[in-house]
Protein chains: 2
Amino acid sequence: MDAAIATVNDVGYHRASLAQIAARAGIAKSIISYHFEGKEQLLLYVIDEVFTGVEKVTRAAVAAADDPAARLAAFARGYLTFVRDHREEMIAAVEIAVSHRDVDGMPLYLAESDEENALLEGMVADGIAAGQFRQVDLTVARTTVIHALDGALTRSQIDARVDLDAYGDQLIPMLLAALGYRPDG
Amino acid sequence: MDAAIATVNDVGYHRASLAQIAARAGIAKSIISYHFEGKEQLLLYVIDEVFTGVEKVTRAAVAAADDPAARLAAFARGYLTFVRDHREEMIAAVEIAVSHRDVDGMPLYLAESDEENALLEGMVADGIAAGQFRQVDLTVARTTVIHALDGALTRSQIDARVDLDAYGDQLIPMLLAALGYRPDG
DNA sequence: CCGAAATTAGGCCAATCGGTCAAAAAGGTC
DNA sequence: GACCTTTTTGACCGATTGGCCTAATTTCGG
């Protein structure tokens with residue numbers, strides 16, 4: 001699996017062949033077929049592991065905060081922390097999610113996570129109800145937050161030296177401001 | 001080229017073979033090799049055309065606005081208008097940019113456009129100097145704006161019925177607020 | 001109307017793909 | 001050490017890839 005992640009990050013999804021992955025791992029490629037149902041399952045398993053991890057971290061961070069704005073900030077911070085600590089895995093997972101197509105040609109990244117959407121929209125809706133946020137469109141707000149965080153990952157991908165903590169220090173106030181944040185309105 | 005765009009959007013970049021594209025266009029695949037240097041050049045040409053188009057539209061919109069905040073808003077509006085009017089092309093171009101790798105395995109979308117970066121950072125910097133924006137990090141601001149706009153494209157990709165004008169009505173104030181916008185401060 | 005040039009068609013190629021298979025190797029248990 | 005299961009191997013498969021080549025066709029200036 002480490003070899004799969006490294007290979008995907010090195011040559012991209014569609015050139016990450018069983019032969020390449022096996023060569024990098026120093027094994028015969030039939031081993032992959034033996035332990036996994038196939039190349040697809042292997043890469044989907046990578047996605048599953050990584051996204052489960054980021055979900056766990058963000059959910060825990062959100063749960064520890066006590067008002068909507070703090071929860072949103074915690075979500076963003078948790079996400080960025082996870083990217084900082086699991087950079088390669090995240091890059092590979094996103095690459096797979098973006099490149100993988102099911103039999104109908106449907107990309108995986110368009111199949112949004114209902115749980116994540118609900119979590120984010122819930123925070124925004126709660127913030128609006130509590131008077132912390134402006135009356136923003138929930139879908140636009142959620143999409144923008146996620147894509148803004150994805151921007152941090154892309155930055156980190158372009159330049160591995162990027163300080164994601166400092167990035168968060170800049171981004172999180174921007175996100176709160178975007179939602180019209182006023183403390184305890 | 002229309003067939004290439006349609007094929008990429010239908011089955012994705014790495015399954016958009018010469019055979020598929022030719023079949024969709026109703027021609028022999030050798031025609032593609034005759035008129036283009038190869039499959040790569042064809043798809044890169046698609047990217048070039050589309051991104052040149054969006055750059056033209058956004059630059060014109062920006063030039064017509066007269067203060068930094070208005071320019072940023074015009075940039076976003078121009079981008080969203082282009083997406084609205086050239087949805088398929090934009091989706092295909094982004095798919096290609098994300099999926100294409102050069103010989104070193106370097107993804108195309110990581111090779112940022114210096115002109116676009118300079119344009120965006122210039123607007124933000126001018127806005128800060130004019131007192132319209134808060135003292136935000138230029139790189140974070142630029143990255144966030146672009147990714148927020150990309151979020152609109154993704155939304156449109158998930159649901160073609162999304163009203164991108166209305167999306168802009170929601171998103172643009174959010175972006176300005178994220179930058180700490182105060183009119184003519 | 002013709003001949004050269006441009007274009008199209010379709011067969012063909014080596015390379016690579018994901019995956020299978022029989023057999024060898026390794027591991028574990030009496 | 002014998003025996004059985006699990007794991008690993010490398011050869012091999014049909015399918016598909018991007019691209020090449022030759023021949024047929026179309027286009028078009030003179």
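Not measured: the values here are computed from a predicted model. Here is the naming used below: chain letters follow the sequence lines, and residue numbers restart at 1 for every chain.
- Taking every nucleotide of DNA chain D with any atom under 4.0 Å from a non-hydrogen atom of chain B, the first and last of them, 5' to 3', are D/dT17 to D/dC21.
- Using a 4.0 Å cut-off between charged side-chain N and carboxylate O, B/D2 and B/R24 make no salt bridge.
- Taking the six-membered ring where the residue is Trp, the centroids of B/H14 and A/H14 are separated by under 6.0 Å.
- Electrostatic pairing of A/E116 and A/R59 does not count as a salt bridge here, judged by no charged N lying under 4.0 Å from a carboxylate O.
- For the pair B/G26 and A/L18, both in contact range of DNA chain C, the more 5′-proximal nearest nucleotide belongs to B/G26.
- Note that A/K39 lies in the cation-pi zone of A/Y13, set by a 6.0 Å cut-off to the ring centre and a 45° limit from the axis.
- A salt bridge is absent between A/D66 and A/R71: the closest approach of a Lys/Arg side-chain nitrogen to an acidic carboxylate oxygen does not fall below 4.0 angstrom.
- C/dG18 atom C1' lies 12 Å from atom OH of A/Y13, rounded to whole Å.
- Exactly one of A/Y79, A/F75, A/F82 qualifies for a side chain to side chain contact (heavy atoms under 4.5 Å, CB included) with A/V57. That residue is A/F82.
- None of A/E55, A/E88, A/E89, A/H86 except one satisfies the side chain to side chain contact (heavy atoms under 4.5 Å, CB included) rule with A/V50; the exception is A/E89.
- Annotation: proximity of residues 27-34 of chain A to DNA chain D (heavy atom, distance under 4.0 Å) is found for A/I27, A/A28, A/S30, A/I31, A/Y34, numbered in ascending order.
- The residues A/D10 and B/R101 are annotated as not salt-bridged, no charged nitrogen and carboxylate oxygen being separated by less than 4.0 angstrom.
- Contact check, B/H35 against C/dT8: a side-chain N or O comes under 4.0 Å of OP1 or OP2.
- Rounded to an integer number of Å, the gap from B/F36 CZ to C/dT7 C1' is 14 Å.
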